Amino acid sequence: MSHERQSMSGKSISGSFSAGDLRRMLSRLRDVMAGVGAVQGRLDKVVALIAQDLRADVCSCYVMRAGEVLELFATYGLAQKAVHQTRLRVGEGLVGEIAAHSRPLALADAWSHPQFVYRPETGEDFFRSLMGVPMIQAGRVIGVLVVQTREERPFNDWEVETLETVAMVIAELMAATQVIKREELAQQEGNATLLVRLSGEILHAGVGIGCAVMHKPHVRIGRLVADDPVTEQYRLHQALGTLREEVDKLIDTSTGEAEGSYGDILEVYRMFADDRGWINKISEVISSGLTAEAAVQKVHDDTRLRMMQINDPIIRERVQDLDDLANRLLSILAGGGLRVELPDNAILICRSIGPTELLDYDRRKLKGLVMEEGSPTMHAAVVAKALDIPVLAQVQGALSRIDALDQIVLDANAGQVILRPSEEVLEAYHAAVEARVKQKAAYAMFRDLPVVTRDGVKVSLNINAGFLLDMQGLAETNADGIGLYRTEMPFLAMPTLPDVTAQVALYKQVIDGAKGKPVTFRTLDVGGDKIAASTVSGPEDNPAMGWRSIRLTLDRPALLRQQLRAMIKATEGQVLRVMFPMIASIAEFDAAHRIFRLELDRHIRDGGKAPRTVKIGTMLEVPSLLWQLEGLCKRVDFISIGTNDLMQFMFAADRGNTRLANRYDTLSAPVLKMIRDVVRACAGAGVEVSVCGEMAGKPHDALALLAVGCRNLSMSASSIGAVRAIIRSATLRDVESFVLGALNSDDSSLRESFREFTRDRGIAAV
Ligand code: PEP
Ligand code: MG
């Protein structure tokens, strides 16, 4: 870990303090903390002991209190009257600085540091040098441990590391003895029975009602200090063996089943679990006198903080994976048995969670997931989505304000968690959930009814898929096929792209799962908001408009060739539909098409069987294509309008920015006019056209799309029921007269007026 250090000559603070000394000190600290008496008394002894062993004039322990304030909790060397009086905000003074950046400071002359703040009540006038380290517990800074000396003295890396080890041990002991009480936070909230709402970012919409289950409460490390490093090394070795077995088992049980694609994510774990660097570091810390579990925790805390300081979303997401793995290893060392039995309706609360941990829970009992951290592309979110569990991320205060077994409503449609809901609130939500369940059952009953309007216009409904798990949706909805298969989905978790053989196997499973229904495979669409660590070269200022998708695969033709080769092999003798994403010019389509032809020729030359039929198409996501339709239509068999990207480029509005989410409406004249023109151009040229963006899955938008000529829509499986129902309840002639009449409207949205129109005509999604 990097830390600021002033280099000066002089005697080191701890003299010839050795690994053996450290082991002895840790064992004395353990005895003091485990002793009897008030916590304050024990902490007083601890700081005195550290000061004495490290030959410092001062040792102080600051503890993080509610409101991000660091309180001087115990000191040896500073004025006792300052204890519980001196408080520094995070970021204030040197102590606040250490907490803010989770980073040690080692200063020969603390007074000359720009962040230095003088607190007269502490009587620190006489102390020049300072070394402070964060106290970390369960990945959070819970305080700061500081030593000071009268003399100006430098500190070396060994001393900083020693203090870090001591701080880590104290942090764990403090947590075990509950120095930081949750009641304090409860008191701050005032009336504890008051309904509390916490808001967060929606990762997967839906409503879950149930009771809070704290995800694997941080593994409490029973023993911190070990007298026999050899035994600890052996324990580590054994635990790593079990860890590998567990991950292998997860991989085995998740392939072959519907969750096959999780295997890709889990492979990344195997990589971590075999990482020599990580294992060696743990081993080294064991040699300094900690138990295997304390060493795992220490190395994990260090790595975590270092990774969190890197401003790169991919690295930050890997932090969650590392948390997952370290927790797993800790629980093995703690003797396992940490798997929490879920009550029937469980809402899981956590800081963050790894995909393997999520898969460990009984999915039937899991009704929601609330995270203090988390991001849309984290692996657990991908898994939760596939399992259809509502998920909220970035919920500030989730861990401190929610207690185990609290009644909770997770309204991931509105982006909020309601704690301790009143009877009325609960009733309202129960009614909403029940209505949703009934609606789903009704849609399931209507799955075989034809998708046709009252005036006899037939519409093809297809699903968008990306995981093998999504294939179930095809059977459940009886949709006509897969209008968009996002091939990049399983690859997002991989360190490298799978080879051709693995891809062939995956695509074959998709084709087999579709049971003769058409599947449109889209080639890799990575970059932008879909980041694949394997292919992205570095951060970009504007990734959505950057080196992504077809641009990337045309520049790395081997990727595209391998993928196309795999698709051709997987569809021998059957229909092959291939679609290229983010095409912005005819030249790009031609280049991609040429690669496809090369691969097809090669396949046949090598004695392979040709697909029965080949259809090649493109996504329409980039507005420039709108003025190249004539030429494009001469080349393609089909066009699929990707309204998600097309909208973001048309309105210059980042699709991932929630602040802009409601600013522009798809159900508006410019969007519908544009789609009308595309449909006309395609019809004139005899080219199939469909819409596969989110717009197609919203019932009212879907109807409006029919009005401007669309007859083929592709959406997530969960939207099919509602769209089928609204189409069956509408007379297209009427809808056309309303929508076409509104195409010259200057309103930014037609949504309200269209809703009113459908209400008046008795058109409904149920
Ligand atoms: C789209 O852009 O509309 C689309 C369907 O592609 P994706 O959402 O995968 O970018
Ligand atoms: Mg797109």
Side-chain angles (χ1 to χ4, degrees), residues 202-205 261 376-377 381-382 385-386 461-467 470 473 479 481-492 519-532 535-536 542-553 563 577-584 588-589 592 617-626 638-657 660-661 664-667 671-672 674-675 678-679 688-698 701-702 705 710 712-720 723:
I202 304 165
L203 295 196
H204 188 53
S261 40
T377 42
V382 174
K385 214 172 204 173
L461 297 189
N462 299 272
I463 66 161
N464 295 343
F467 287 110
D470 294 329
I482 298 183
L484 165 63
Y485 194 89
R486 293 178 164 110
T487 57
E488 66 277 4
M489 284 308 187
F491 297 171
L492 297 182
V519 178
T520 302
F521 286 107
R522 183 174 72 181
T523 62
L524 277 183
D525 181 11
V526 291
D529 66 331
K530 289 175 262 180
I531 297 162
T535 45
V536 173
N542 211 337
M545 295 201 275
W547 192 54
R548 61 174 283 207
S549 203
I550 197 74
R551 303 163 181 188
L552 190 151
T553 51
Q563 199 180 26
R577 295 175 61 90
V578 176
M579 174 157 74
F580 299 115
M582 280 290 288
I583 294 281
E588 280 175 345
F589 176 79
T618 175
M619 295 280 293
L620 198 167
E621 294 163 293
V622 184
S624 62
L625 275 196
L626 295 171
F638 63 90
I639 287 178
S640 194
I641 306 174
T643 49
N644 305 340
D645 275 311
L646 191 51
M647 284 285 294
Q648 83 165 340
F649 298 131
M650 254 181 85
F651 289 97
D654 181 350
R655 65 191 263 187
N657 188 333
L660 301 177
Y664 308 101
D665 199 344
T666 42
L667 195 37
V671 176
L672 292 171
M674 178 266 294
I675 293 176
V678 175
V679 172
E688 281 174 43
V689 63
S690 61
V691 178
C692 65
E694 292 300 308
M695 180 182 186
K698 296 186 198 162
D701 297 48
L705 286 171
C710 298
N712 187 320
L713 306 175
S714 194
M715 61 202 73
S716 75
S718 57
S719 303
I720 295 269
V723 172

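We count ligands from 1, going down the list as the structure has it; atoms in each ligand are counted the same way. Everything quoted here is computed from the prediction, not taken from an experiment. Quick note: numbers below take in every heavy atom, side chains included, and nothing from hydrogens, waters or symmetry partners.
For ligand 1, none of its N or O atoms has an N or O atom of Arg548 under 3.5 Å away. Checked against a 3.5 angstrom limit, the closest N/O atoms of Gly642 and ligand 1 fall inside it.
Of all the listed residues (Asp645, Val622, Val691), Asp645 holds the heavy atom that lies closest to atom 2 (O) of ligand 1.
Closest N/O/S atom of Asp645 to the Mg ion (ligand 2): OD2. Nearest N/O/S atom of Glu621 relative to the Mg ion (ligand 2): this is OE2.
For Arg522, the heavy-atom gap to ligand 1 drops under 4.0 angstrom. In this structure, Met619 has a heavy atom closer than 4.0 Å to ligand 1.
A donor and an acceptor atom, one from each side chain of Asn464 and Ser716, are nowhere located under 3.5 Å apart.
A search for salt bridge (Lys or Arg N to Asp or Glu O under 4.0 Å) contacts involving Glu694 returns nothing, not counting sequence neighbours. With sequence neighbours excluded, the residues satisfying ring-ring contact (aromatic ring centres under 6.0 Å, His included) with Tyr664 are Phe651.
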Pair Asp525, Arg486 - check salt bridge (Lys or Arg N to Asp or Glu O under 4.0 Å), show working. CA-CA 8 Å; Asp525 181 11; Arg486 293 178 164 110; over 6 Å; no
Pair Thr666, Asp701 - check side chain to side chain donor-acceptor pair (under 3.5 Å), show working. CA-CA 7 Å; Thr666 42; Asp701 297 48; 2.6 Å; yes
